[in-house]
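Input: a single structure, listed below in structure tokens.
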Amino acid sequence: MNREIKQMLKFSISIVLIELVFVNLGGIVNQPPAELKTSYASWRVHTNRLRAIQIDQSSEKGAYPKLSGRHLTMAAFPKQNKIYILNNKKVVYILNARINLAAGQHQLLVGDLRGPSIFHYDTDGKDIKSINWLSVGQNADIEAEPKLGNHVDDTIQVSKKDAIWLYNNLPKDVQLRIY
């Protein structure tokens with residue numbers, strides 16, 4: 001009986017060690033973008049809260065964080081369709097976003113121009129109404145995506161709930177860096 005217990009104990013320990021190796025390998029492979037310079041834990045918590053892209057849902061599960069009184073920066077990654085809102089190198093929120101700006105690195109500031117609605121023309125020349133927009137840089141804005149798949153140049157399109165939250169809470173002069 002004692003021999004069987006030892007074998008079972010060895011088997012259990014080996015299974016736990018194998019699981020630890022796989023968990024750590026997953027952490028090595030799945031890392032935050034190097035440009036963020038944030039902690040893995042901060043990034044992982046918000047990545048786990050992230051939803052699939054939807055027009056009528058917030059990007060993350062749970063309540064929106066408070067943005068006032070913080071030193072905020074934003075980092076946008078067009079290939080990932082994500083914008084990270086950071087406070088002192090910690091992830092505060094991750095936005096699912098369609099970034100329709102010219103390729104290349106940009107550094108823009110969130111402006112003080114905002115409005116409940118704005119009209120654009122899509123690539124086919126049809127007019128599109130977007131809601132809850134705020135200016136970014138000189139010619140671009142962040143706005144709610146009117147319909148899934150509508151492409152409007154010089155915009156960053158987010159969900160309707162995210163646009164309302166940003167419109168009401170994102171202070172002006174927050175730096176947005178696009179990678």
Side-chain angles (χ1 to χ4, degrees), residues 31-40 42-47 49-55 57-60 62-123 128-146 148-179:
Q31 290 286 322
E35 297 87 353
L36 284 182
K37 297 179 181 144
T38 188
S39 70
Y40 176 79
S42 168
W43 173 81
R44 174 49 67 200
V45 166
H46 289 279
T47 301
R49 295 179 65 196
L50 203 58
R51 298 180 202 249
I53 296 175
Q54 297 176 8
I55 288 180
Q57 293 287 329
S58 60
S59 294
E60 287 188 14
Y64 284 110
K66 296 195 183 326
L67 298 179
S68 61
R70 295 183 172 202
H71 183 292
L72 299 173
T73 57
M74 298 169 72
F77 295 88
K79 290 180 182 173
Q80 295 179 4
N81 287 329
K82 295 197 179 3
I83 297 177
Y84 297 86
I85 300 176
L86 305 160
N87 177 38
N88 295 326
K89 298 185 180 180
K90 288 188 178 179
V91 177
V92 175
Y93 196 81
I94 302 175
L95 292 161
N96 288 318
R98 185 185 314 271
I99 301 161
N100 303 318
L101 302 176
Q105 281 197 11
H106 304 292
Q107 190 167 328
L108 308 168
L109 287 177
V110 173
D112 57 352
L113 297 176
R114 296 162 192 250
S117 63
I118 190 169
F119 286 89
H120 295 288
Y121 292 99
D122 67 6
T123 52
I128 297 173
K129 178 183 177 186
S130 297
I131 59 170
N132 298 312
W133 64 275
L134 53 147
S135 63
V136 178
Q138 300 224 346
N139 299 320
D141 50 71
I142 298 174
E143 61 189 37
E145 189 169 3
L148 193 59
N150 274 1
H151 176 92
V152 180
D153 289 334
D154 298 326
T155 62
I156 297 172
Q157 297 173 316
V158 297
S159 73
K160 292 177 183 176
K161 287 189 177 188
D162 287 343
I164 292 168
W165 172 65
L166 290 171
Y167 172 79
N168 290 322
N169 296 289
L170 189 64
K172 83 175 216 175
D173 295 331
V174 171
Q175 182 184 59
L176 170 63
R177 184 174 287 252
I178 301 168
Y179 294 95

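Everything quoted here is computed from the prediction, not taken from an experiment. Position 1 is the first residue of the sequence, and the numbers go up from there.
- In this structure a side-chain-to-backbone donor-acceptor pair under 3.5 Å is present from N96 to R51.
- Residues forming a side chain to side chain donor-acceptor pair (under 3.5 Å) with Q175 (at least two apart in sequence, or on another chain): none.
- At least one donor-acceptor pair closer than 3.5 Å links the side chain of D162 to the backbone N or O of S59.
- Looking only at side-chain heavy atoms (C-beta outward), F77 and L36 come within less than 4.5 Å of each other.
- With rounding to the nearest 0.5 Å, the separation of CD in Q138 from CG in L113 is 11.0 Å.
- S58 contributes atom OG, which lies 4.5 Å from atom OH of Y64 (distance to the nearest 0.5 angstrom).
- Counting all heavy atoms, side chain and backbone alike, V174 lies closest to T73 at CG1-CA, 4.1 Å.
- Annotation: the span from N168 atom CG to N132 atom CG amounts to 7.0 Å, rounded to 0.5 Å.
- Closest of all the heavy-atom pairs between E60 and Y93 is N-OH, 3.1 Å.
- In terms of heavy-atom proximity, D173 sits nearest to L109 at O-CD2, 3.7 Å.
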Verdict with reasoning, Q157 to E143, per side chain to side chain contact (heavy atoms under 4.5 Å, CB included):
CA-CA 5 Å; Q157 297 173 316; E143 61 189 37; 4.2 Å; yes

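- Here CD1 of I94 is found 9.0 Å from CD of Q80. Values are rounded to the nearest 0.5 Å.
- Of the possible donor and acceptor atoms, one in the side chain of T38 sits under 3.5 Å from a partner among the backbone N and O of K89.
- Under the 4.5 Å side-chain criterion, counting only non-hydrogen atoms from C-beta, Y84 is in contact with P33.
- Using a 4.5 Å cut-off on side-chain heavy atoms (C-beta onward), Y167 and I131 make no contact.
- Between R114 and L134, the closest heavy-atom pair is CG-CB, 3.6 Å.
- Residues N81 and R98 share a closest heavy-atom pair of OD1-CA, 4.2 Å.
- Closest heavy-atom contact between S42 and V91: OG-N, 2.7 Å.
- Annotation: Q107, atom CD; neighbour count of heavy atoms from other residues, nucleotides and ligands within 6.0 Å is above 12.
- The closest donor-acceptor contact from the side chain of W133 to the backbone of A144 lies at 3.5 Å or more, if one exists at all.
- A heavy-atom distance below 4.5 Å is found between the side chains of N87 and L72.
- Residues I156 and L95 are not in side-chain contact: their nearest non-hydrogen atoms beyond the backbone lie 4.5 Å or more apart.
- Proximity of L176 to L170: side-chain heavy atoms (C-beta onward) are nowhere separated by under 4.5 Å.
- Expressed to the nearest 0.5 Å, how far CG of L101 lies from CG of D154 amounts to 6.5 Å.
- A side-chain donor-acceptor contact under 3.5 Å links S159 to the backbone of Q57.
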